[in-house]
Amino acid sequence: MFALVDCNNFYVSCERAFNPALEGRPVIVLSNNDGCAVARSNEAKALGIGMGAPLFQIRDIVKRHDVAVLSSNYALYGDMSARVMSILSEAAPAAEVYSIDEAFLDLRGMDRARREAFGQELRARVRRWTGIPVSIGVAPTKTLAKMANHYAKKTPALEGVLDLEDLRWRERALHKFPVGEVWGVGRRLNKRLEAMGIRTAAQLRDAHPKMIRQNFNVTLERTVRELGGQSVIALEEAAAARQSIAVTRTFGEKVTEYAAVSEAVATFAARAAEKLRRQNLLAGAVLAFIQTNRHTPQDAQYARSITVTLPEARDDSYTVLTAAREGLDAIWRDGFRYQKAGVMLLGLVGARQFQRSLFASPPVAGSAQLMGVIDHLNQRMGRGAVRFGAEGVAAQSGQWRMRQERRSPAYTTRWSELPCVAA
DNA sequence: TCTGGGGTCCTAGGACCC
DNA sequence: TCTGGGGTCCTAGGACCC
């Protein structure tokens, strides 16, 4: 049996944990650049604010109902996530941290009665220790546990926990569950399935796996089997090796100048290299891309990416930054209003298991030590305390930097922003 | 008219997830 | 005027190998 533990409205719950005045009010948290609503409290959902709704389209609702609007605060959410996950990992013999706000637990060998108590107890513990409310779905496959979790979250009478071992209950749940809500069925598949007359999870389960594989793909075939109670997606305790690292941003304002885009790309490259070193990896290639605003087709459009292969896998900022700028120069075109740029690192290998090249010149002497010092300083004194000249000076070139107008304090990760409690 | 079998690697595009 | 960011997997087609 698997349990899926999912934090309710996670980003909003993190904000509420430190600002109780947000309790009972409609609250939304915005994406980077204060663009879209990416987390909504139940009150905000009830007002009809959709997932991913652009802020400028919901201004009226926000004003009329006094919705609390917050910029995203990833330092806070990341730290709160780590706290929740450590509690969950200790609670079960095996756990898979599936996303920032979800984990699968292995409940093998636990009988029905014990699972019941376990679920309620775990929920209470996470709430008490972190302030975060969670819902728990239990079932013999991950896909069914996901479905159970949906019901646990939306049906108050269940008190946050639903166990679908019982076949009659599972059958009822499957019949009511829209196929588009099934884990692994997105917008496109939903449309194609509905066109075939498959509208519920039960109908998808009853489809022939072979037919599904022929008309769709293996992944959906696995989903069919999982809905039928056959567990084919295993719990993955150890995180798989990372394949890529990306740093991409939408600009605060549209940008037309090469100098500004170049600064942005350099900043993303340096940040990506920092992530690379933190994960003890080396990159074999650097991809850079730029694009105009796809939402305004009446404007001239341009989008290109380029991959620059390094002679030898590296992790120093200088190499990554140089490659990214070389790439940018190759794809740059004057005369467009650019909206977004990014840098991705590909061909990642572990720092101790990479293939040395016969022909690449060796890294600059002292480079590793230099990067160590830069990372250390930036960690202690704040991101960007030490940076490359190519990244520009924030005060002088705000144009491309993202907007974040209502960010809450880094309550748990910065001494100066620690909340004070007066008795 | 007839034209093998078994592979790998790379890239682009499509689909999904949170 | 204002529309996020960071990932994964699968498939098809092209190019190549023996």
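As the structure is a prediction and not an experimental result, all values here were calculated from the model. Within every chain, numbering begins at 1; the chains are lettered A, B, ... in the order of the sequence lines, protein sequences first and strands thereafter.
- Contact check on Arg125(A) versus Glu121(A) returns a salt bridge, with a Lys/Arg side-chain nitrogen under 4.0 Å from an Asp/Glu carboxylate oxygen.
- Counted by atom type alone, Thr250(A) and Asn33(A) present zero donor-acceptor pairs between their side chains at under 3.5 Å.
- Taking atom CD1 on Ile100(A) and atom C1' on dT8(C), their separation rounds to 17 Å, with Å as the unit.
- Residue Asn32(A) has its side chain nearest to dG4(C) when only dG4(C), dG6(C), dT3(C) are considered.
- The side chain of Lys340(A) has dG5(C) as its nearest neighbour among dG5(C), dC10(C), dC18(B).
- Contacts of Val97(A) with the nucleic acid, taken as non-hydrogen atoms under 4.0 Å apart, are absent.
- Along DNA chain C, the nucleotide nearest Arg213(A) and the nucleotide nearest His295(A) are compared for position; the residue whose nucleotide lies closer to the 5' end is His295(A).
- Within 4.0 Å (heavy atoms only), Arg59(A) reaches no atom of the nucleic acid at all.
- Listed by residue number, Arg242(A), Gln243(A), Ser244(A), Ile245(A), Ala246(A), Val247(A) are the residues of residues 234-247 of chain A with a heavy-atom contact under 4.0 Å to DNA chain C.
- When only modelled atom types and interatomic distance are considered, Asn42(A) and Asn9(A) share a side-chain donor-acceptor pair under 3.5 Å.
- A side-chain donor-acceptor contact under 3.5 Å links Ser408(A) and Glu15(A).
- For Arg225(A) and Glu221(A), the salt-bridge test passes: some basic side-chain N is under 4.0 Å from an acidic carboxylate O.
- Between the side chains of Glu253(A) and Trp400(A), no donor-acceptor pair of N or O atoms lies under 3.5 Å.
- Remark: P of dC2(C) and CD of Gln57(A) are 12 Å apart, rounded to the nearest angstrom.
- In the model, Arg25(A) has no side-chain atom that pairs as donor or acceptor with a side-chain atom of Ser41(A) under 3.5 Å.
- Residues Arg199(A) and Glu181(A) are not paired through a salt bridge, judged by the lack of any N-O separation under 4.0 Å between the basic side chain and the carboxylate.
- Between Ile49(A) atom CD1 and dT3(C) atom P the separation is 18 Å, expressed in whole Å.
- Separating the CD atom of Gln339(A) from the P atom of dG5(C) is a distance of 8 Å, rounded to the nearest angstrom.
- The residue Arg187(A) sits close only to the backbone: its heavy atoms come under 4.0 Å of sugar-phosphate atoms, none of a base.
- Across dG4(C), dC10(C), dG7(C), the shortest atom-to-atom separation from the side chain of Arg222(A) is found for dC10(C).
- Summarising the base pairing, dC18(C) is matched to dG5(B) through a Watson-Crick or G-U wobble pair whose two defining distances lie under 3.5 Å.
- Atom NZ of Lys191(A) is separated from atom C1' of dC16(B) by 16 Å (rounded to the nearest Å).
- With respect to the salt-bridge test (charged N to carboxylate O, under 4.0 angstrom), the residues Glu96(A) and Lys142(A) qualify.
- Residues from residues 137-154 of chain A with heavy atoms under 4.0 angstrom of DNA chain C: there are none.
- Among the nucleotides dC16(B), dC10(C), dG6(C), the one closest to any side-chain atom of Asn217(A) is dC10(C).
- One atom, CD of Glu405(A), and another, P of dG4(C), lie 15 Å apart when rounded to the nearest Å.
- In the set dG4(C), dC2(C), dC17(B), the nucleotide with an atom closest to the side chain of Phe56(A) is dC2(C).
- Between dT3(C), dG6(C), dC17(B), one nucleotide has an atom nearer to the side chain of Asn293(A) than all others, and that is dT3(C).
- Put simply, CZ on Phe104(A) is 11 Å from C1' on dC17(B), counting in whole angstrom units.
- The side chain of Arg188(A) has dA15(B) as its nearest neighbour among dC18(B), dG5(C), dA15(B).
- Between the CD atom of Glu253(A) and the C1' atom of dT1(C) there is a distance of 11 Å, given to the nearest Å.
- Classification of the Tyr11(A)-Tyr77(A) ring pair by plane angle, with boundaries at 30° and 60°, yields parallel.
- Counting non-hydrogen atoms under 4.0 angstrom, Asp34(A) reaches nothing in the nucleic acid.
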